[in-house]
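As structure tokens, the structure follows; a few thoughts come after it.
For ligands, and for the atoms within them, numbers begin at 1 and follow the listed sequence. In what follows, every heavy atom counts, from backbone to side chain, and hydrogens, waters and symmetry copies are set aside.
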Amino acid sequence: MSWHVTEINKELISARAAAHQMASSIAKAMETPLKRIMMCRPTHFTVSYAINPWMDMRRGVNKPKALQQWDELKHVLTQAGAKVEVMEPQTGSENLPDMVFTANAAVIRGKKAYLANFHHAERKGERFHNKIFLESLGYKCVGSETIPFEGAGDALWAGKNLSTLLVGVGPRTDPNVLPDLRREFDEENVRIVGCNLIDARFYHIDTGFCPLNEEVAMWFPHAFDGVSQWHIKSTTNTIEIDDKEAKNFACNAVVVGKTVVMNRGSERIANTLHRIGFEVAQVDMSEFIKAGGSSKCCTLAL
Ligand code: ARG
């Protein structure tokens, strides 16, 4: 065999090996699809009004610290495997300090975004900016402009195939939105279930309930009335958190694959999650808690 042919063979062998490696990494990536998350840089974040029991205008927000905490959250989510789409603060959003809480922008299924129609006047202007940004990412935006509804802050996919949408109603979201959500997410197996939130401290469903995967969720049952507790328990297995953890926003956690990203300081539940196979990343969300939100509130699952 000439030198030439041997070299060509070697090249072929290494090309084949490279192709094989690429195929297996594509297969692996397909097994664990990247979680895409929308966040909004908190340039204009502050507490300049009070629309929930956590907000106290006398306690100032440390802005540089808030920016640092947000950067750290974004970093931890990226490390856990998420792809973060950042909405930069738009002209005209200077007086919308809560825009950082993108969980409230919309609830997503497939390529459809059902936009929030904020209950409080202070946040109504956010919808305009959220719509432009979500459309730029290719989402079809729908949603009532008359019935109050606060996006994924009040609507979480849970249970088998994540096909049940549990919607927190009462403080911010009007139960009259349920038929419209059913019409927009009209797919076989999709169920839309309203859950009554009864404790003013837990005014969005994502402050008292957190699906960890298709099988199990963590929750603070006392945030819900009895019938709603029953609906939740018949949708998913549950792990209960205590009052102290709930006040520390333990349920307001972001799940990326096997990583649960939550505010620091809830060791007991963090250990429980660890024992059942999750990794827990604790981040300091203290500046955002002054506005009544933690890690989950700062993210929207796309
Ligand atoms: N200050 C905001 C409000 O009261 C906080 C929103 C928290 N978001 C959430 N998804 N829980 O609307």
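A cation-pi arrangement is not found for Lys124 relative to Phe118, the charged atom failing to lie both closer than 6.0 Å to the ring centre and inside a 45° cone about the ring normal. With a 6.0 Å cutoff to the six-membered ring centre and a 45° limit on the axis angle, Arg41 does not count as a cation-pi contact of Trp70.
Interface atoms of ligand 1 facing Gly153, defined by a heavy-atom separation under 4.0 Å, are 10 (N). In summary, the atoms of ligand 1 found under 4.0 Å from a heavy atom of Gly292, numbered by their order in the structure, are 7 (C). Residue Cys297 has at least one heavy-atom neighbour below 4.0 Å for each of these atoms of ligand 1: 7 (C), 8 (N), 9 (C), 10 (N), 11 (N). For ligand 1, the atoms sitting less than 4.0 Å from at least one non-hydrogen atom of Asp98 are 1 (N), 2 (C), 3 (C), numbered in the order shown with element in parentheses. Below 4.0 Å from some heavy atom of Ala103 lie the following atoms of ligand 1, by number and element: 10 (N). Taking every heavy atom of Ile51 and a limit of under 4.0 angstrom, the matching atoms of ligand 1 come to 3 (C), 4 (O), 12 (O).
Not a single heavy atom of Phe118 sits less than 4.0 Å from an atom of ligand 1.
Among Phe249, Tyr49, Phe288, Tyr203, the residue whose heavy atom lies nearest to atom 5 (C) of ligand 1 is Tyr203. Atom 10 (N) of ligand 1 has its nearest heavy-atom neighbour, among Thr207, Asp206, Ile205, Val47, in Asp206. Here the shortest heavy-atom distance to atom 4 (O) of ligand 1, taken over Glu122, Arg123, Met55, Arg172, belongs to Arg172.
Tyr114 places a side-chain heavy atom less than 4.5 Å from the side chain of Val177.
Checking only distances, Asn252 never comes within under 3.5 Å of ligand 1, N or O to N or O. For ligand 1, the polar-atom distance check finds no N/O of Glu150 at less than 3.5 Å from any of the ligand's N/O atoms. Taking any N or O of Ala291, backbone or side chain, at least one lies under 3.5 Å from an N or O belonging to ligand 1.
Neither the backbone nor the side chain of Asp154 comes within 4.0 Å of ligand 1, counting heavy atoms alone. At a 4.0 Å heavy-atom cut-off, ligand 1 does not touch His120 at all. Proximity of Lys296 to ligand 1, defined as any heavy-atom pair under 4.0 Å, is not found for any part of the residue.
When atom types are taken as modelled, the side chain of Thr102 and the backbone of Ala105 share no donor-acceptor pair closer than 3.5 angstrom. Using modelled atom types, one side-chain atom of Trp54 and one backbone atom of Arg201 make a donor-acceptor pair closer than 3.5 Å. Between the Ser295 side chain and the Asn252 main chain, a donor and an acceptor come within less than 3.5 Å of each other.
Between Glu85 and Lys83 there is a salt bridge, with a side-chain nitrogen of the basic residue lying less than 4.0 Å from a carboxylate oxygen of the acidic one. Salt-bridge formation is not detected for the pair Lys160/Glu215: no Lys NZ or Arg NE/NH1/NH2 atom is positioned less than 4.0 Å from an Asp or Glu carboxylate oxygen. Comment: Asp206 engages Lys296 in a salt bridge, judged by a side-chain N to carboxylate O separation of less than 4.0 angstrom. The residues Asp71 and Lys74 are annotated as not salt-bridged, no charged nitrogen and carboxylate oxygen being separated by less than 4.0 angstrom.
Shortest contact from atom 8 (N) of ligand 1 to any protein heavy atom: Asn104 OD1, 2.9 Å.
Residue Asn248 is tested with Asn263, Asp242, Asp243 for a side-chain hydrogen bond (donor to acceptor under 3.5 Å, both in side chains); the sole match is Asn263.
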